[in-house]
Amino acid sequence: MSTIYLYNVGDAPNKVHKAVGVVKASLQVDILPDCSLTRPKLKISASNMLISSCNYFYLNEFNRYYYIEDAVLLQHGVYEITGRVDPLKSF
C-alpha cells in the first residue's frame, strides 16, 4: 500500500517550481495493475473529502508529482484516479 498526498495547485503547467501549498489529504492507495510511472492508476477511499477539490498529487511509491487527469467514482467514497506525470516538478 502506498501513500498519496492530494493538493490543489493553481500554477501553470509550464512552471518548474510549483507552489503545491497545504496538503488537502494524505491517503492510503492501492496501485492498480494497469499502471505506469508516467500514468498511474490508483484506487483510493476518500469518503470524508471532495476529490473534485484536488487537481494534483504526489505518490510516494514512485517519488513523482502528477496532475489528476480523471477521477471516477466506483462506489460510495471509493475512487479510481488516473494521473499524468509532471516532469518539471518531479525531476
Side-chain angles (χ1 to χ4, degrees):
M1 188 152 296
S2 298
T3 303
I4 185 175
Y5 300 92
L6 295 165
Y7 302 95
N8 187 8
V9 173
D11 290 338
N14 62 350
K15 184 172 181 180
V16 176
H17 300 290
K18 292 173 185 67
V20 293
V22 177
V23 175
K24 291 223 175 238
S26 172
L27 303 167
Q28 296 297 307
V29 298
D30 292 320
I31 298 174
L32 298 175
D34 187 20
C35 178
S36 70
L37 288 174
T38 58
R39 297 181 72 81
K41 283 184 121 175
L42 311 169
K43 183 178 175 182
I44 68 169
S45 178
S47 58
N48 59 346
M49 74 162 299
L50 188 61
I51 291 293
S52 63
S53 69
C54 304
N55 64 357
Y56 201 73
F57 67 90
Y58 174 79
L59 182 61
N60 74 328
E61 182 82 13
F62 295 163
N63 195 31
R64 287 178 170 79
Y65 288 88
Y66 298 90
Y67 290 101
I68 294 177
E69 200 163 70
D70 196 17
V72 177
L73 180 63
L74 301 176
Q75 59 189 15
H76 180 70
V78 178
Y79 293 86
E80 180 179 294
I81 292 180
T82 305
R84 179 178 39 89
V85 72
D86 178 3
L88 297 178
K89 181 74 173 166
S90 295
F91 305 106

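Side-chain atoms are counted along with the backbone in the values below, which use heavy atoms only and exclude waters and symmetry mates.
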Practice task
Indicate yes or no: at least one non-hydrogen side-chain atom of Phe62 is less than 4.5 angstrom from one of Val85.
Solution key: no
Problem - Euclidean distance, Phe57 CZ relative to Arg64 CZ, rounded to 0.5 Å - result: 12.0 Å
Fill in the blank from the handout: CG (Leu88) and NE2 (His17) are apart, to the nearest 0.5 Å, by 9.5 Å
Exercise for the section: Hey, could you give me the CD1/CD distance between Ile31 and Glu61, rounded to the nearest 0.5 Å? Expected result: 4.5 Å
Completion exercise
Between Lys89 and Lys18 the two heavy atoms that sit nearest each other are NZ-O, 3.3 Å
Exercise for the section: Kindly work out whether a path of hydrophobic side-chain contacts (I/L/V/M/F/W/Y, heavy atoms less than 4.5 Å apart) joins Ile44 to Leu73. Expected result: yes
Problem - Heavy-atom side-chain proximity of Cys54 to Met49 below 4.5 angstrom - result: yes
Exercise for the section: Could you tell me whether the side chain of Ser90 and the main chain of Tyr65 form a donor-acceptor pair under 3.5 Å? Expected result: yes
Completion exercise
On a heavy-atom basis, the closest approach of Val23 and Ser26 is CG1-N, 4.1 Å
Problem - Hydrophobic cluster identity match, Tyr58 and Leu37, side-chain contacts under 4.5 Å - result: no
Fill in the blank from the handout: Note: Ala46 and Leu27 closest approach over all heavy atoms is CB-CD1, 3.9 Å
Practice task
Measure across Pro40 and Cys35 and return the closest heavy-atom pair with its distance rounded to 0.1 Å.
Solution key: CA-SG, 3.4 Å
Handout entry: Cluster check Val78, Ile68: I/L/V/M/F/W/Y, side chain < 4.5 angstrom
Key = no
Problem - Separation between NZ of Lys24 and CD1 of Ile51, rounded to the nearest 0.5 Å - result: 11.0 Å
Completion exercise
dist Leu42:CG -> Asp30:CG (nearest 0.5 Å) comes out at 9.0 Å
Problem - Nearest non-hydrogen partners of Leu59 and Tyr66, listed with the distance - result: CB-CE1, 4.0 Å
Identify each donor-acceptor pair in which a side-chain atom of residues 3-15 lies under 3.5 Å from a protein atom, sequence neighbours left out, and give them as a table.
from  : atom 1 : to    : atom 2 : distance (Å)
Thr3  : OG1    : Gln28 : NE2    : 3.1
Asn8  : OD1    : Asn55 : ND2    : 3.4
Asp11 : OD2    : Ala19 : N      : 2.6

Fill in the blank from the handout: Rounded to the nearest 0.5 Å, the CD atom of Gln75 sits from the CD atom of Glu80 at a distance of 12.0 Å
